[in-house]
There are 2 protein chains.
Amino acid sequence: MSDDEQRGRGAASVHRVGGLLGDLQSADDQPVAPRRRADAERNRAQILSAAEQLFAEQDPRSVTMGEIAKAAGVGRATLYRSFPDPSSVAVALLDEHERRLQGQLIYGPPPLGPGAPAGERLAAFYLAMLDLLERHLPLALGAETGPARFRTGAYGFWRVHVRTLLVDHGVEDPDPLIDIALSPLSPELFQFQRHQLGLSAERIGGSLAVFARRLLESGGGR
Amino acid sequence: MSDDEQRGRGAASVHRVGGLLGDLQSADDQPVAPRRRADAERNRAQILSAAEQLFAEQDPRSVTMGEIAKAAGVGRATLYRSFPDPSSVAVALLDEHERRLQGQLIYGPPPLGPGAPAGERLAAFYLAMLDLLERHLPLALGAETGPARFRTGAYGFWRVHVRTLLVDHGVEDPDPLIDIALSPLSPELFQFQRHQLGLSAERIGGSLAVFARRLLESGGGR
DNA sequence: TGGCAAACGGACAAGGTGTCCACTTAGCTT
DNA sequence: AAGCTAAGTGGACACCTTGTCCGTTTGCCA
């Protein structure tokens, strides 16, 4: 998605999880892809920075390409060169924030990382995602363009992770359950619960933890 | 939503559930609201009929007000008089299909209606909703305009129903769980599972049934 | 320093939205 | 049964967004 995929940063969110500690942006050069020019890099940074602010200060769903371009001080066509639509900008932004969590799921200490029972790991995952949503809700809402959400690299990562947990627990037919287990993390749902119903993040988190443990109760998945 | 609310048909989906058997459209006159004129009624019917076809034969998210108006053979402004946007047309259409299920949940035989254990009722509800999605997916997708989905009368009804089940089961803090339990029924999720992943309705239904029973296991909710 | 490919951004055409307003018509009134 | 009045209609208008084209500028390498 966005143009990361086309240009070499590759399936970034899925595999670029190295550097659990080294959080600095690792060098972005690729062996094959022609390097990005310096001005392009600079513009990209301006765009991302300006867009992050835009998404935060107005309805994320109403941000237009024109607004982003103007805020970033570049022409619209320049913006189109990097991103096909506003939501892909939000996806790129969100991606950076999600990468840390992805690393923790693979290499981190339990219960997020390997080593804890599946139910506990799922509960921990829910809480971590909730924290992510709480902190970056505008971006998550801006990224959510209907069906495109499921084609995101990040969503693919969460799927792989949850599938691992389900299989680990010995669930019978795990595949349909993957997305069912992920569905409570929908950004729009979170917004509704949090700001329409006025539920605290703690209550939602508590329910999700209960939910996770009940779903993957110790004693085998059958 | 739509203009049903403004014009007297009231919170139709939530309370107009009488007639579990009498499926014919009950008389639509209201004591207070000024009656709709005959030509307006006729146009409304044409609009709904034309729109249902449109939603079915192209990407439901791409249907525009102009297209609906043209297909219905009315002017755009006439359409705007009845519906503020395409998704509200889909909501109105879907509403009619949902009303039968709503009746069955309240007055029907178990396990859909009262009388069965909460877990069984939830499982039955999931299967019924899945069936609805399978048959009217285009409308469901057309109706799904982001956060507006949660403000739908129908969604409110499902919330009330699920809350009843949760309370009935003795769940500790039911409110945050309501929407979590409803989240697997998102039309976009269903579409993804069904047509992107290629899962059969049966497999999805099976997982949802397992899911429901595990969530509301017999033996009390705590 | 010169040249070239990459990147930029102003401009254009197409199409959607929501509203206004002059005209038509249904349905009550006498 | 004809007239009146307000509800209903639909063509048209102004505004905004989108996606692309293309002449110009700029980084980078030889």
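In what follows, chains carry the letters A, B, and so on, assigned in the order in which the sequence lines appear, proteins first and then strands, with residues in each chain numbered from 1.
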>> For a quick test of reading the model: is some side-chain N or O of A:N43 closer than 4.0 Å to OP1 or OP2 of C:dA7?
In response: no

> Taking only N and O in the side chain of A:T78, is any of them less than 4.0 Å away from OP1 or OP2 of C:dA7?
Replying inline: no

> Over how many whole Å does the gap from B:K70 atom NZ to D:dG10 atom P extend?
Replying inline: 15 Å

> Which residues pass the side-chain hydrogen bond (donor to acceptor under 3.5 Å, both in side chains) test with B:S62, sequence neighbours left out?
Replying inline: B:Q58

> Is a salt bridge present between B:E134 and B:R194, judged by a nitrogen-to-oxygen distance below 4.0 Å?
Replying inline: yes

>> Between the side chains of B:E188 and B:R61, is the shortest nitrogen-to-carboxylate-oxygen separation below 4.0 Å, so that they form an ion pair?
In response: yes

> Given atom CD of B:Q58 and atom P of C:dG16, what is their separation to the nearest angstrom?
Replying inline: 10 Å

>> If I take atom CD in residue A:E41 and atom P in nucleotide C:dC8, what distance separates them, rounded to the nearest angstrom?
In response: 11 Å

> Rounded to the Å, how far apart are A:R81 CZ and C:dG10 P?
Replying inline: 15 Å

> Relative to the ring of B:F150, is the ring of A:F192 parallel (under 30°), tilted (30 to 60°) or perpendicular (over 60°)?
Replying inline: parallel

>> Is the shortest side-chain heavy-atom distance between A:P147 and A:R151 below 4.5 Å?
In response: yes

Nucleotide N/O of nucleotides 18-20 of chain D paired with protein N/O under 3.5 Å:
{"from": "D:dT18", "atom 1": "OP2", "to": "A:M65", "atom 2": "N", "distance (Å)": "3.3"}
{"from": "D:dG19", "atom 1": "OP2", "to": "A:Y80", "atom 2": "OH", "distance (Å)": "3.3"}
{"from": "D:dG19", "atom 1": "N7", "to": "A:R76", "atom 2": "NH2", "distance (Å)": "2.4"}
{"from": "D:dG19", "atom 1": "O6", "to": "A:R76", "atom 2": "NH2", "distance (Å)": "2.7"}

> Measuring from A:T64:OG1 to A:D85:CG, what's the distance to the nearest 0.5 Å?
Replying inline: 12.0 Å

>> Without decimals, in angstroms, what is the distance between A:F83 CZ and C:dA7 P?
In response: 14 Å

> Are A:Y155 and A:D179 linked by a side-chain donor-acceptor pair shorter than 3.5 Å?
Replying inline: yes

Protein-nucleotides 23-27 of chain D N/O pairs closer than 3.5 Å?
{"from": "D:dT26", "atom 1": "O2", "to": "A:R37", "atom 2": "NH1", "distance (Å)": "3.3"}
{"from": "D:dT26", "atom 1": "O2", "to": "A:R37", "atom 2": "NH2", "distance (Å)": "3.2"}

> Nearest 0.5 Å, what's the CD-CG distance between A:E202 and A:L130?
Replying inline: 9.0 Å

